[in-house]
Student: 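Here it is, the structure in full.
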Amino acid sequence: MSTQPRIGDLSAAERNKRPIFDALADWLVDARDILEIGSGDGTHARYARERLPHARWQTSEAPGHIRGLTAALVDAHDEARLPSPLALDVRSAWPAQRYDAIFAANVAHIMHEDAVAAMFAGVASHLVAGGLFCLYGPFFDDDETPGEGNLAFDRALRSRDPGMGIRRREALDALAGQHGLVRVARLVMPSDNRLLIWRRDAD
Ligand SMILES: C[S@@+](CC[C@H](N)C(=O)[O-])C[C@H]1O[C@@H](n2cnc3c(N)ncnc32)[C@H](O)[C@@H]1O
């Protein structure tokens with residue numbers, strides 16, 4: 001999917017990977033099995049192998065993008081730590097496994113609302129009790145004045161596809177709450193992004 005602004009020669013994922021994993025490191029210190037939704041070109045997954053050497057990072061992509069992801073990661077394949085990508089559309093069947101954490105970057109504004117809702121439902125039923133859902137990207141928030149950059153990005157997304165758009169943090173919290181997920185962090189990240197983290201309640 002091409003909604004990744006490039007500045008100079010670096011993709012958005014190349015630029016944001018370090019701040020994301022700096023912020024995630026303490027949260028994921030005990031996470032062994034981690035699922036990534038919408039892994040894109042695998043940039044975060046490659047970096048995860050470096051930053052979270054204890055973890056098994058399971059990448060995934062919507063079926064239409066799985067070949068590109070698989071090709072991008074072929075040289076990095078490692079069954080114990082970076083296994084082959086899974087085809088996963090969050091609106092369809094999920095793997096029959098539970099994860100200690102689930103991560104996704106820059107997916108909520110690309111997915112339509114039905115897919116965002118399906119993602120929260122799927123996440124909640126595929127996390128272990130106490131597991132974390134870590135969602136990075138731009139969000140609007142009633143507590144914050146929206147930045148010009150995010151307002152323009154939101155307009156551009158909606159003019160390209162009315163189903164896309166930057167999601168409100170409150171709406172995501174409400175969806176999360178419906179599925180037993182409680183938000184435990186709202187971290188400010190570079191370029192007016194946020195890292196939102198929810199924890200799944202005990203069974
Ligand atoms: C802007 S890209 C972000 C890619 C990568 N996470 C990154 O940060 O570079 C959005 C991703 O969401 C994925 N996506 C969109 N709808 C999806 C769905 N219904 N299920 C799973 N992934 C989806 C796209 O295939 C795409 O890879």
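For ligands, and for the atoms within them, numbers begin at 1 and follow the listed sequence.
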Student: Is it the case that ligand 1 has an N or O less than 3.5 angstrom from some N or O of Asp89?
Tutor: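 Yes; at least one N/O pair falls below 3.5 Å.
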
Student: With a 3.5 Å cut-off and sequence neighbours excluded, list the donor-acceptor pairs that the side chains of residues 23-35 form with protein atoms.
Tutor:
none

Student: Supply the atom-to-atom distance Glu36 CD to Leu82 CG, rounded to the nearest 0.5 angstrom.
Tutor: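 The distance works out to 9.5 Å.
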
Student: Rounded at 0.5 Å granularity, tell me how far CD1 in Ile110 sits from CZ in Arg167.
Tutor: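 Rounded to the nearest 0.5 Å, the CD1-CZ separation comes out at 9.0 Å.
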
Student: For Phe21, which residues count as a ring-ring contact (aromatic ring centres under 6.0 Å, His included) partner, sequence neighbours excluded?
Tutor: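 Tyr47, Trp57.
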
Student: Does at least one non-hydrogen atom of Val107 fall below 4.0 angstrom from an atom of ligand 1?
Tutor: yes

Student: Kindly confirm or rule out an N or O of Gly38 lying under 3.5 angstrom from an N or O of ligand 1.
Tutor: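 Between Gly38 and ligand 1, an N or O pair is found under 3.5 Å apart.
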
Student: Atom CZ in Arg169, atom CG in Leu135: separation rounded to 0.5 Å?
Tutor: 13.0 Å

Student: Atoms of ligand 1 less than 4.0 Å from Glu61 heavy atoms?
Tutor: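 Numbered from 1, ligand 1 contributes 13 (C), 24 (C), 25 (O), 26 (C), 27 (O).
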
Student: Can any side-chain N or O of Ser11 pair as donor or acceptor with the backbone N or O of Glu14 at less than 3.5 Å?
Tutor: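 Present.
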
Student: Side chain or backbone, does Ile37 bring an N or O within less than 3.5 Å of an N or O on ligand 1?
Tutor: no

Student: Pick, from His109, Met111, Met164, the option with the minimum heavy-atom distance to atom 22 (N) of ligand 1.
Tutor: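 Ranked by closest heavy atom to atom 22 (N) of ligand 1, first place is Met111.
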
Student: With heavy-atom distances below 4.0 Å as the criterion, list the atoms of ligand 1 near His44.
Tutor: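 Under 4.0 Å from His44, ligand 1 has these atoms: 7 (C), 8 (O).
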
Student: Please find the pair of heavy atoms, one from Ala80 and one from Arg56, that lie closest to each other, and give the distance.
Tutor: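 Result for this residue pair: O-CG, 3.3 Å.
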
Student: In terms of side-chain heavy atoms, does Asp154 have a donor or acceptor partner in His109 at a distance below 3.5 Å?
Tutor: no

Student: Report yes if Ala115 has an N/O atom closer than 3.5 Å to an N/O atom of ligand 1; otherwise report no.
Tutor: no

Student: Under 4.0 Å from a heavy atom of His65: which atoms of ligand 1 are those, numbered in the order shown and with their elements?
Tutor: 25 (O)

Student: Checking contacts here: is it the side chain or the backbone of Ala13 that comes within 4.0 Å of ligand 1, counting heavy atoms only? Could be both or neither.
Tutor: side chain

Student: Between Leu88 and ligand 1, which part of the residue brings a heavy atom under 4.0 Å of the ligand: side chain, backbone, both or neither?
Tutor: backbone

Student: Mind checking whether His112 has a heavy atom under 4.0 Å from ligand 1?
Tutor: no

